[in-house]
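The shown structure was predicted, so the numbers you read here are calculated from the model rather than taken from an experiment.
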Amino acid sequence: MIEKSKSWDTGYEWKAVTLLTIGFGLVGLDRWIIAPMFSAIAPDLHLNYQDAGNIIGALGLAWGVSAILLGGLSDRIGRKKVLVPAIVLFSILSGFSGMAVSLTSLLLIRGVMGVTEGAFLSDEFCRHCRGLQT
């Protein structure tokens, strides 16, 4: 009996690559958007340059720690189950960033955004290239 050869449907892969590209682009933009926007944000929230460093640092620190934790979690329960909620929460928190009324609220929002951005790191490397993440 001859089996019918199945043609590989690349539609799913293209959708996944497109969505991940958009996600990585937004995450990359978000990581550094505070620096060029700081001159517009500072007068409204009464911030100084040290505050800008703290805001960028809070996101970076949370991102680094969560990348280690969420990478392992996504290996255990699946990338989709980690990445989809992270994208949704990231989008919601992006809106909340624009509504921050103080340094404390902005630091808190940006810190949680860093946690959601850590979920993207688990998809950046092939499984055998991850080293300590697994």
Side-chain angles (χ1 to χ4, degrees):
M1 182 180 262
I2 299 174
E3 283 187 42
K4 227 181 190 181
S5 70
K6 295 180 183 179
S7 64
W8 188 260
D9 179 23
T10 58
Y12 174 77
E13 284 82 7
W14 279 109
K15 289 175 190 171
V17 167
T18 301
L19 290 174
L20 284 172
T21 301
I22 292 169
F24 280 121
L26 291 174
V27 165
L29 176 67
D30 179 69
R31 284 185 194 151
W32 300 108
I33 197 69
I34 291 294
M37 296 296 296
F38 187 72
S39 61
I41 297 169
D44 290 339
L45 298 179
H46 309 291
L47 303 176
N48 58 36
Y49 288 108
Q50 181 179 351
D51 296 332
N54 290 336
I55 293 165
I56 294 168
L59 183 133
L61 184 63
W63 173 77
V65 171
S66 70
I68 294 168
L69 301 174
L70 292 175
L73 180 65
S74 68
D75 285 343
R76 283 192 297 280
I77 67 172
R79 309 251 181 279
K80 198 176 196 181
K81 290 180 181 175
V82 173
L83 196 57
V84 171
I87 290 171
V88 171
L89 190 56
F90 172 81
S91 300
I92 292 168
L93 290 168
S94 290
F96 284 156
S97 288
M99 296 187 285
V101 295
S102 67
L103 173 62
T104 304
S105 64
L106 190 56
L107 282 171
L108 189 64
I109 291 167
R110 300 293 291 175
V112 177
M113 282 182 79
V115 172
T116 64
E117 290 180 10
F120 283 85
L121 185 65
S122 64
D123 288 329
E124 287 185 22
F125 301 102
C126 59
R127 189 165 187 72
H128 69 277
C129 299
R130 289 189 206 147
L132 295 176
Q133 273 193 322
T134 56

Holding to side-chain contact (heavy atoms from CB on, under 4.5 Å), I want the full list of residues that pass it with [X], two or more places apart in sequence or in another chain.
X	answer
S94	F90, M113
L73	L70, R76, I77, V82
I22	T18, L26

Which distance, rounded to the nearest 0.5 Å, do you find between the [atom1] of [X] and the [atom2] of [Y]?
X	Y	atom1	atom2	answer
L103	L108	CG	CG	11.0 Å
N54	I34	CG	CD1	12.0 Å
L59	L107	CG	CG	10.5 Å

Taking only residues two or more places apart in sequence or in another chain, which ones pass side chain to side chain donor-acceptor pair (under 3.5 Å) with [X]?
X	answer
D51	none
E13	W8
S102	S105

Side-chain donor-acceptor contacts of residues 39-47 below 3.5 Å, not counting sequence neighbours, with atom names and distances?
none

Residue list, ring-ring contact (aromatic ring centres under 6.0 Å, His included) with F38, at least two apart or on another chain: Y49
Which atom of [X] lies closest to which atom of [Y], heavy atoms considered:
X	Y	result
A119	A86	CB-CB, 3.5 Å
R79	S74	NH1-OG, 2.9 Å
W32	P36	O-CD, 3.0 Å

In the structure I gave you, are the side-chain heavy atoms of V115 and L89 within less than 4.5 Å of one another anywhere? no
Filter on salt bridge (Lys or Arg N to Asp or Glu O under 4.0 Å), then keep only pairs touching residues 89-117, sequence neighbours left out; what's left? D30-R110, R31-E117
